[in-house]
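By convention here, the first residue in the shown sequence is residue 1. Computed from a prediction, not measured in an experiment: that's the story for all the values here.
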Amino acid sequence: MGARDTRWLLATAVLLLSCNRGREGTPGPQPAPSAGPSAVPELESPAAVSPPTASAAPSAPAASAPAEAGHPAPVGGLWLACYSGFAPRTQPKLDVMRLGLLCGPQNGMTKLTDTKEADVTEGGKGREHAFEAQAGDCYRIFAVAEPSVEDLDIEVLSPSGRRVAFDSSDDRWPVVKPDGPFCVTEDGVHRARVQAQRGHGRYAVEIWRLR
């Protein structure tokens, strides 16, 4: 083998060695990085959530209008029920005071006069109790007599002498009117006339007003 051939062989060997080293140094395909903790998307904390605006908040329900104050029925109802269990005893003044308290305040009435007492005789003229009244106001009269008076009656007269109301019961404790108050149309002094239809004895009377 000549020198020329030897140089060719050496050059070829060097070239082959360089190519092999180049292949060994070239990095191959890299695997995809694994998903670590940092790869998990961060959730928004509740504190970070902004509160809803006032326009988004539900509106509060409107307050209901206050209920109207209750008023007793014009007739019947409490006007009758207030004395449904009442039974007079033997002392007219105490009895009529008890009757007035049972039926007056719970029906919105106030006592207009003091409790009055008097005697009546069957067939007699009777007794009158005057009270100042105003047109448009309503009134109720209670009376209770002793057991010796079997039937006590009341009638109410206007300033002009017109009969405004009267008692239609047949007992010794009339209520005028039985099913509710009577209302007047005239200003001035009205009179409650009390008479004994049967028997004689003492009675007590009260007048109550409803405005």
Side-chain angles (χ1 to χ4, degrees), residues 72-211:
V75 294
L78 286 177
W79 298 111
L80 290 170
C82 65
Y83 63 84
S84 61
F86 176 78
R89 299 168 185 168
T90 59
Q91 300 184 53
K93 185 174 182 179
L94 295 180
D95 285 337
V96 79
M97 290 173 65
R98 181 162 53 93
L99 181 57
L101 290 175
L102 285 173
C103 290
Q106 72 167 321
N107 284 306
M109 306 193 82
T110 56
K111 191 175 177 181
L112 179 64
T113 64
D114 294 332
T115 307
K116 304 294 185 181
E117 292 184 279
D119 295 308
V120 286
T121 303
E122 181 177 340
K125 184 179 178 181
R127 304 293 295 267
E128 291 188 352
H129 303 276
F131 63 98
E132 186 75 29
Q134 294 180 341
D137 285 353
C138 302
Y139 301 85
R140 211 175 192 196
I141 301 176
F142 307 100
V144 180
E146 293 177 323
S148 58
V149 180
E150 297 179 23
D151 184 9
L152 188 70
D153 286 347
I154 300 176
E155 64 176 346
V156 181
L157 304 175
S158 71
S160 60
R162 181 175 59 90
R163 188 164 73 164
V164 176
F166 62 95
D167 159 58
S168 59
S169 65
D170 186 15
D171 54 32
R172 64 183 178 99
W173 53 283
V175 176
V176 181
K177 297 185 321 188
D179 58 352
F182 62 90
C183 302
V184 302
T185 57
E186 298 179 55
D187 290 334
V189 177
H190 289 61
R191 294 168 291 151
R193 179 180 293 167
V194 184
Q195 295 177 300
Q197 294 298 325
R198 293 195 306 275
H200 64 279
R202 196 160 188 81
Y203 72 90
V205 62
E206 287 186 355
I207 301 173
W208 288 67
R209 177 175 59 193
L210 175 68
R211 281 189 162 175

Q: Please name the pair of heavy atoms, one in Leu80 and one in Pro178, separated by the smallest distance, quoted to 0.1 Å.
A: CD2-O, 3.3 Å
**Q.** Which atom of Ala145 lies closest to which atom of Val149, heavy atoms considered
**A.** CB-CB, 3.6 Å
Q. How close do Leu210 and Gly108 get, heavy atom to heavy atom, and via which atoms?
A. CD1-O, 3.2 Å
Q. Which heavy atom in Pro181 sits nearest to a heavy atom in Met109, and how many Å separate them?
A. CB-CE, 4.4 Å
Q: Hey, could you give me the OG1/CD1 distance between Thr115 and Ile207, rounded to the nearest 0.5 Å?
A: 10.5 Å
(Q) Has Glu146 got a side-chain atom pairing as donor or acceptor with Arg202's backbone, closer than 3.5 angstrom? (A) yes
Q) Would you call Pro174 and Phe166 a side-chain contact if the rule is heavy atoms closer than 4.5 Å? A) no
Q: Flag yes if more than 12 heavy atoms outside Glu186 fall under 6.0 Å of its CD atom; otherwise flag no.
A: yes
Q: Please report the closest heavy-atom contact between Leu78 and Asn107, naming both atoms and the distance.
A: CB-OD1, 3.2 Å
Q: Quick one: do Thr113 and His129 satisfy side chain to side chain contact (heavy atoms under 4.5 Å, CB included)? Show the steps, please.
A: CA-CA 10 Å; Thr113 64; His129 303 276; over 6 Å; no
Q. Picking from Arg198, Arg193, Gln197, what satisfies side chain to side chain contact (heavy atoms under 4.5 Å, CB included) with Asp153?
A. Gln197
Q: Specify the closest pair of heavy atoms between Arg127 and Val120, including all atoms of both residues, with the distance to one decimal.
A: CG-CG1, 4.2 Å
Q.
Does Val194 form a side chain to side chain contact (heavy atoms under 4.5 Å, CB included) with Lys116? I'd like the steps, not just the answer.
A. CA-CA 11 Å; Val194 184; Lys116 304 294 185 181; over 6 Å; no
Q) Could you state the interatomic distance from CG (Leu112) to CD (Glu132), rounded to the nearest 0.5 Å? A) 9.5 Å
Q: Spell out, as yes or no, whether a donor-acceptor pair under 3.5 Å connects the side chain of Asp137 to the backbone of Arg211.
A: no
Q: For residues Pro159 and His190, determine if any side-chain heavy atom of one lies less than 4.5 Å from a side-chain heavy atom of the other.
A: yes
Q | Trace of the side chain to side chain contact (heavy atoms under 4.5 Å, CB included) decision for Val184 with Val156 | A | CA-CA 10 Å; Val184 302; Val156 181; 6.0 Å; no
Q | Gln195 side-chain N/O to Lys125 backbone N/O, donor-acceptor pair under 3.5 Å | A | yes
Q.
If you count heavy atoms of other groups shown closer than 6.0 angstrom to NZ of Lys93, is the number above 12?
A. no
Q) So how far is it from Asp167 CG to Ile154 CD1, rounded to the nearest 0.5 Å? A) 6.5 Å
Q | Value rounded to 0.5 Å, distance of CD in Glu155 from CD1 in Ile141 | A | 10.5 Å
Q.
Go through it in stages, so that I can follow the logic: the residues are Tyr139 and Phe131, the test is ring pair (Phe, Tyr, Trp, His ring centres under 6.0 Å), and I'd like the CA-CA distance, side-chain angles, deciding distance and then a yes or no.
A. CA-CA 10 Å; Tyr139 301 85; Phe131 63 98; 5.4 Å; yes
Q: Dump the intermediate steps for side chain to side chain contact (heavy atoms under 4.5 Å, CB included) on Tyr83 and Leu102, then the final yes or no.
A: CA-CA 7 Å; Tyr83 63 84; Leu102 285 173; 5.7 Å; no
Q.
Quick one: does any side-chain atom of Arg140 pair with a main-chain N or O of Trp79 as donor and acceptor, under 3.5 Å?
A. yes
Q.
To the nearest 0.5 Å, what is the distance between CG on Asp95 and CZ on Arg172?
A. 6.5 Å
Q. Is atom CZ of Arg89 surrounded by more than 12 heavy atoms (other residues, nucleotides or ligands) closer than 6.0 Å?
A. no
**Q.** Distance in Å, Asp114 CG paired with Glu206 CD, rounded so as to fall on 0.5 Å steps
**A.** 9.0 Å
